Amino acid sequence: MNELELIKSLQQGNRQAYTQLVEAYQRMVYNTVLGIVQVTEEAEDVAQEVFIQVYQSVGHFRADSKLSTWIYRIALTKSLDWQRKKKAKKRFNHIKQSLWFGGIQTNEEPINFNHPGVQLDNKEQAAILFKALNKLPENQKVAFVLIKTEGLNYQETSAVLNTTVKAVEALMHRAKANLKIILQDYYHDNKI
């Protein structure tokens, strides 16, 4: 079934088409979400939310872009929304703990985050890189994940982000410059 036939079948409520969609895009969605949220169990939950949103919204999909581009947009939106909620909750818990428990802090960051696309011999370096990615501005992080983790080219990334190729190039340039500074500080502080 080609993409247009799949979209029509989805819009008609065909469950087999939905199953085909999930099978075709589940790895892409999960890896994209995981690149943003960086917690395996939470990435699974967000990926499920993505497919629920796709199912609920496919009737409004006008095929102005490729289906994969539309799904990437939903995955990024859900991931970034989740991340914002988590940061807000973390700030609230930090304030609550500071006020009520005399400043006890917990570390909710994943200790050894591993992305499935990273080769075994690079896992340690990848974990450091993904931790550094969390320090980037949201738009730089998203562009970096799409290009370096998901393997999208600049044109595809610009379609997903609904911006120009030049804007994506600028985001990547700034992301790389910021990561260089962040990682340089990390390696200096850890005397590596």
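Residue numbers count from 1 along this sequence. All of these numbers come straight from a predicted model, not from anything done at the bench.
Residue Ile36 comes nearest to Gln83 through the heavy atom pair O-NE2, 3.4 Å, listed as atom of the first residue, atom of the second, then distance. Contact detail for Met28 and Ser68: the closest heavy-atom pair is CE-O, 4.1 Å. Residues Ala75 and Val50 share a closest heavy-atom pair of CA-CG2, 3.6 Å. Heavy-atom minimum distance, Val37 versus Ser79: CG1-O, 4.0 Å.
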(message) side chain to side chain contact (heavy atoms under 4.5 Å, CB included), that's the test. Do Val54 and Phe61 meet it? Break it down for me.
(response) CA-CA 9 Å; Val54 167; Phe61 181 62; over 6 Å; no
(request) Would you sort out whether Tyr154 and Leu146 count as a side chain to side chain contact (heavy atoms under 4.5 Å, CB included), showing the intermediate values? (result) CA-CA 9 Å; Tyr154 283 66; Leu146 289 175; over 6 Å; no
(request) List the steps, then state whether side chain to side chain contact (heavy atoms under 4.5 Å, CB included) holds for Asn31 with Thr149. (result) CA-CA 8 Å; Asn31 288 343; Thr149 304; 5.6 Å; no
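For the atom pair CG (Asn153) and OG (Ser158), the distance works out to 8.0 Å, reported to the nearest 0.5 Å. A distance of 11.0 Å separates OH of Tyr72 from CG of Leu161, quoted to the nearest 0.5 Å. Expressed to the nearest 0.5 Å, how far CG of Asn139 lies from CG of Leu80 amounts to 10.0 Å. Put simply, CZ on Phe144 and OG1 on Thr157 are 12.0 Å apart, with the number rounded to the nearest 0.5 Å. Here CZ of Arg27 is found 12.5 Å from CG of Leu34. Values are rounded to the nearest 0.5 Å. A distance of 10.0 Å separates CG of Asn134 from CG of Leu129, quoted to the nearest 0.5 Å.
In summary, of the residues considered (Thr32, Leu152, Ile71, Val142), a side chain to side chain contact (heavy atoms under 4.5 Å, CB included) with Val160 occurs for Leu152 alone.
Here the side chain of Glu49 pairs no donor or acceptor atom with the backbone of Lys78 at under 3.5 angstrom. Here the side chain of Glu150 pairs no donor or acceptor atom with the backbone of Val145 at under 3.5 angstrom.
When the side-chain hydrogen bond (donor to acceptor under 3.5 Å, both in side chains) test is applied to Ser57, the partners found at least two apart in sequence or on another chain are Gln53. Considering only residues two or more places apart in sequence or on other chains, Asn162 meets the side-chain hydrogen bond (donor to acceptor under 3.5 Å, both in side chains) condition with none of them. Scanning for side-chain hydrogen bond (donor to acceptor under 3.5 Å, both in side chains) contacts around Glu42 gives Lys86, with sequence neighbours left out. Applying the salt bridge (Lys or Arg N to Asp or Glu O under 4.0 Å) criterion to Asp45, with sequence neighbours excluded, gives no partner residue. With sequence neighbours excluded, no residue forms a ring pair (Phe, Tyr, Trp, His ring centres under 6.0 Å) with Trp82. Asp81 is linked by a side-chain hydrogen bond (donor to acceptor under 3.5 Å, both in side chains) to Arg84, counting only residues two or more places apart in sequence or in another chain.
Enclosure of atom CD in Gln16 is not indicated, since only 12 or fewer non-hydrogen atoms of other residues, nucleotides or ligands lie within 6.0 angstrom.
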If you look only at distance, which donor and acceptor atoms sit under 3.5 Å apart when one is on a side chain in residues 18-26 and the other is two or more places apart or in another chain?
unit_1 : atom_1 : unit_2 : atom_2 : d
Tyr18  : OH     : Phe51  : O      : 2.9
Thr19  : OG1    : Arg15  : O      : 3.1

List the atom pairs, with distances to 0.1 Å, where a side-chain N or O of residues 163-182 and a protein N or O form a donor-acceptor pair under 3.5 Å, not counting sequence neighbours.
unit_1 : atom_1 : unit_2 : atom_2 : d
Thr164 : OG1    : Ala167 : N      : 3.0
Asn178 : ND2    : Gln140 : OE1    : 2.8
Asn178 : ND2    : Arg174 : O      : 3.3

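The salt bridge (Lys or Arg N to Asp or Glu O under 4.0 Å) pairs that include a residue from residues 52-71 are Arg62-Asp64, where partners are two or more places apart or lie in different chains.
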